[in-house]
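See structure below.
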Amino acid sequence: GAVVSQHPSRVICKSGTSVKIECRSLDFQATTMFWYRQFPKQSLMLMATSNEGSKATYEQGVEKDKFLINHASLTLSTLTVTSAHPEDSSFYICSARTRADTQYFGPGTRLTVL
Amino acid sequence: KQEVTQIPAALSVPEGENLVLNCSFTDSAIYNLQWFRQDPGKGLTSLLLIQSSQREQTSGRLNASLDKSSGRSTLYIAASQPGDSATYLCAVSQGGSEKLVFGKGTKLTVNP
């Protein structure tokens with residue numbers, strides 16, 4: 001199956017700093033990537049849909065100025081959490097959609113904001 | 001607004017037992033339904049995908065059924081093994097939308 005990677009797998013940062021998370025489709029081109037957030041014992045919640053070469057579409061309640069998404073190429077999307085606060089601590093997972101409309105998920109990034 | 005519910009939240013069984021995980025959704029106008037496996041601190045692995053026109057899908061010891069009209073799906077795991085221990089997530093997508101709506105998952109523990 002297709003492979004999606006995320007980097008870093010874990011990150012700890014101080015409150016007020018910005019953190020960038022990368023999502024890469026390793027063996028296929030993905031015109032669309034998705035960013036999810038998962039709190040402990042909760043569902044994955046879709047944050048935004050990232051389309052290559054255009055602005056991301058954010059879900060209701062997700063601040064676009066806080067969660068900056070850049071989908072600069074067909075294999076890379078980045079999520080930057082700006083001015084991170086402890087409440088942003090969560091597990092962030094990306095997925096990439098193939099041309100066959102199948103989503104493959106990355107291994108996730110655990111963000112801890114102190 | 002689509003809501004997905006999974007019951008039970010947690011399940012512990014002895015090795016070798018057959019088991020059923022349940023998933024229900026409030027809006028029956030779905031495009032497809034997927035079952036995923038998530039290991040602790042890891043991403044998701046797709047197990048089975050059922051299109052809205054299908055009734056069931058099988059892969060090895062796994063069988064997923066879909067009753068769209070009643071808004072229900074089940075994941076049947078035969079002859080469970082300790083390696084099956086994980087959280088199982090159910091997700092639906094709406095027609096014309098790429099979005100997946102997930103349930104909270106069922107945490108399965110298979111005891112040796």
Exercise for the section: With a 4.5 angstrom heavy-atom cut-off, could you sort out which part of B:L89 is near chain A: side chain, backbone, both or neither? Expected result: side chain
Fill in the blank from the handout: Under 4.5 Å to a heavy atom of chain A? For B:Q38 that would be side chain
Problem - Polar side chain donor-acceptor pair, B:T74 to B:S65, under 3.5 angstrom - result: yes
Practice task
Give the member of B:L44, B:T45, B:N32, B:T87 that has the highest number of heavy-atom pairs under 4.5 Å with chain A.
Solution key: B:L44
Exercise for the section: Run the ring-centre check on B:F36 versus A:F105 and record whether the distance is less than 6.0 Å. Expected result: yes
Practice task
Would you check if there is a donor-acceptor pair between the side chains of A:S95 and A:W35 at a distance under 3.5 Å?
Solution key: no
Handout entry: A:R37 and A:F67, any side-chain heavy atoms less than 4.5 Å apart
Key = yes
Problem - A:T102 versus chain B, the contacting section by heavy-atom distance below 4.5 Å - result: neither
Handout entry: Salt-bridge criterion met for B:E3 and B:K1 (N-O under 4.0 Å)
Key = no
Exercise for the section: May I ask you to name which of B:G103, B:A91, B:S46 has the most heavy-atom pairs under 4.5 Å with chain A? Expected result: B:G103
Exercise for the section: Using distance alone, with no hydrogens and no angle criterion, decide if B:E15 and B:N111 have a side-chain donor and acceptor under 3.5 Å apart. Expected result: no
Problem - Per-residue contact mode, A:R10 against chain B (heavy atom under 4.5 angstrom) - result: neither
Exercise for the section: Please state whether the side chain, the backbone, both or neither of A:I93 comes within less than 4.5 Å of a heavy atom of chain B. Expected result: side chain
Problem - Side chain / backbone / both / neither for A:Q6 at chain B, heavy atoms under 4.5 Å - result: neither
Problem - Donor-acceptor side-chain pairing of A:T78 and A:N70 below 3.5 angstrom - result: no
Problem - Contact origin within A:T49 toward chain B - heavy atom pairs under 4.5 Å - result: side chain
